[in-house]
Amino acid sequence: MRDVWNTEGLIALDKAHCWHPFTQMKDWCAADHEPLVLVGGEGAMLRDSRGREYLDGNSSIWTNLHGHRQPEITAAIRDQLERVAHVSFLGTTNAPAAQLAGRLSALLPVGALPRVFFSDDGSTAIESAMKMAIQYWQQSGSPKRGRFVAFDQAYHGDTAGAASLGGIGAFHDRFAGHQFPVHRISDPDDLENLPVEEIAAVVIEPLVQGAAGMRLWPRGLLRRLRECCDASGMLLILDEVLTGFGRTGTMFACEQENVIPDFLCLAKGLTGGYLPLAATLTSEKIYSAFLGRFDEQKTFYYGHSYTGNALGCAAALANLEVFRTHRVLENLQPKIAVLSDLLAGLASRKRVHEIRQCGFLAGIEVRDSEGTPFPWQARTGGRICEAARKHGLLTRPVLDTIVLMPPLCTTEDQLRMAVHAIGVAIDEVCGDCD
Ligand SMILES: *Cc1c(COP(=O)(O)O)cnc(C)c1O
């Protein structure tokens, strides 16, 4: 059965009323711009209102793991919906949230991060960690520790606190006067020059900075950072909003350097990409600093209306169950190798400047034949992604880096198709670039 969609009508309504994120709406609303209206999905594929199909090449902005309409996740959400969709986590609890907290803690070494604080998205997972870190130090005899350290080109979300940590000029400079105090570094060695006794926590995206264009950290950097934090007492917040849940080849990126953070922030893939839900995991040491008599005012006064949402938690439980029953991480390893081989085939193209792969995610950066970046105003990466649609791949670039990080369930044939689409699209757009 195929629905019939009034594509023109939907686009007219959208252009009349919607305001899209990270989008210049003047271009969006231009008469010659026809946005895709996505109406269906199956596995790693998406379908638009005109019946065209695409590989979901960026996992619907880095969220989807096991594909669309995945039967177990769909059933779990449906079952929970038959009971109750949402109840407040302020003053009551619910079954899927309690079970999920236990399951998430159990993904880490025993006792490492036993406490789970739920919120709604990556930004709020980070905000929660930041506020916990500041309050932790206030309640642990070091109230001067109120500053943060973040890295060049970092991205930790768009709410005000999380955006303070961001190091991408185009997104963050404008709000510079409205921020938490942050020191910016490019390497753990830079910590030597900072007043570490005033720093609450260091925040990093482990192994790979996503929004910076899939920028890879040198191996060992995360381990070194953990050691610096241990030596100076600073807390370590790991932002695994992107890297969590298998993207880098292991359940969490931090496993690859044997690092356990003080806070682990999870979102995007937590529900398999089905519903907005986030979690901030922390240690018993941090948690216990918030315990006291009611009138000692050590309570963590933070929360959102949808905290611990039952549908989201049910989806997340099903997500973890799919990892187990379908042996997702095991089956992913050969596909990571296939992806490497396919990407190596792109490397010889003249405009391909660098290919950065970490597990099942990759960035393909194009530059002109001299190795100089194209002027950003030319939107070269954007135009390549638009061209790739005609060859069956839907993705978005970061500037001139084409992001390829499809759902973990993507087949080898689909990977082949995606990499082929990128190659052809680069030729089409850059054939006469410089
Ligand atoms: C997407 C992202 C965030 C923000 O998550 P939202 O759900 O969009 O608020 C934070 N950190 C990283 C590393 C991300 O990729």
Side-chain angles (χ1 to χ4, degrees), residues 20-23 57-65 117-131 148-168 170-172 175 179-180 182 201-217 221-222 225 236-248 252-254 259 261 263-281 302 304 306-307 309 312 315-316 319 356 358-363 395-399 401 403-407:
H20 288 263
F22 288 92
T23 301
N58 73 347
S59 296
S60 295
I61 204 72
W62 314 355
T63 58
N64 193 286
L65 294 175
F117 188 85
F118 289 114
S119 60
D120 305 337
D121 46 47
S123 307
T124 51
I126 297 286
E127 298 258 358
S128 311
M130 294 173 80
K131 290 192 171 176
F148 292 91
V149 172
F151 282 80
D152 284 338
Q153 300 197 58
Y155 179 78
H156 299 289
D158 288 332
T159 58
S164 310
L165 302 170
I168 299 178
F171 299 170
H172 301 120
F175 302 106
Q179 301 209 312
F180 276 85
V182 173
V202 184
V203 189
I204 189 172
E205 297 158 80
L207 298 193
V208 48
Q209 288 184 314
M214 301 302 155
R215 201 165 155 252
L216 308 181
W217 290 120
L221 181 137
L222 184 61
L225 185 62
L236 179 62
I237 300 175
L238 289 191
D239 179 347
E240 294 232 24
V241 171
L242 161 69
T243 53
F245 301 103
R247 289 285 178 205
T248 68
F252 300 120
C254 61
V259 163
F263 299 94
L264 178 65
C265 299
L266 304 173
K268 290 193 169 107
L270 174 57
T271 60
Y274 279 62
L275 288 163
L277 181 74
T280 303
L281 277 65
Y302 182 102
H304 296 283
Y306 281 98
T307 293
N309 176 258
N319 167 37
R356 300 182 285 271
C358 180
F360 209 53
L361 59 82
T395 188
R396 265 177 83 86
V398 176
L399 292 174
T401 296
V403 172
L404 181 60
M405 49 175 301

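Order of listing sets the numbers, starting from 1, for every ligand and every atom in it.
Taking distance alone, with nitrogen or oxygen atoms compared against 3.5 Å, Ile126 stays at or beyond that limit from ligand 1. For the pair Glu205 and ligand 1, the shortest N or O to N or O distance does not fall below 3.5 Å. At least one N or O atom of Lys268, backbone or side chain, sits closer than 3.5 Å to an N or O atom of ligand 1.
Leu275 has its side chain out of reach of Tyr306: every pair of non-hydrogen atoms, C-beta onward, lies at least 4.5 Å apart. Under the 4.5 Å side-chain criterion, counting only non-hydrogen atoms from C-beta, Asn319 is not in contact with Tyr274. No side-chain heavy atom of Thr395 sits less than 4.5 Å from a side-chain heavy atom of Pro397. Looking at Tyr155 and Leu242, their side chains never come closer than 4.5 Å, going by heavy atoms from C-beta outward.
Distances below 4.0 Å separate heavy atoms of Gly122 from the following atoms of ligand 1: 4 (C), 5 (O), 6 (P), 7 (O), 9 (O). Atom numbering of ligand 1 starts at 1 in the shown order; those under 4.0 Å from a heavy atom of Gly157 are 4 (C), 10 (C). Within the listing of ligand 1, atoms 10 (C), 11 (N) sit less than 4.0 angstrom from a heavy atom of His156. Close approach to Trp62 involves these atoms of ligand 1, each under 4.0 Å from a residue heavy atom: 15 (O). Applying the 4.0 Å criterion to heavy atoms of Leu242 picks out, from ligand 1, the atoms 15 (O). Near Asp121, meaning under 4.0 Å from any of its heavy atoms, are these atoms of ligand 1: 7 (O), 9 (O).
Residues Thr124 and Glu127 bring no donor and acceptor atom of their side chains to less than 3.5 Å of each other.
Within the 4.0 Å heavy-atom criterion, both parts of Ser123, backbone and side chain, lie near ligand 1. Here Tyr155 has heavy atoms under 4.0 Å from ligand 1 in both its backbone and its side chain. Under 4.0 Å from ligand 1, the heavy atoms of Val241 that appear belong solely to its side chain.
Ser59 and Pro407 make their closest contact through OG-N, 3.0 Å (heavy atoms, listed as atom of the first residue, atom of the second, distance). When every heavy atom of Trp62 is checked against every heavy atom of Arg247, the shortest pair comes out as O-NH2, 3.4 Å. Across all non-hydrogen atoms, the minimal contact from Ala211 to Ile168 is O-CD1, 3.6 Å.
For atom 11 (N) of ligand 1, the nearest protein heavy atom (residue, atom name, distance) is Asp239 OD2, 2.6 Å.
Within a 4.0 Å radius of atom 8 (O) of ligand 1, the protein contributes no heavy atom.
Between the side chain of Thr23 and the backbone N or O of Pro21, at least one donor-acceptor pair lies under 3.5 Å.
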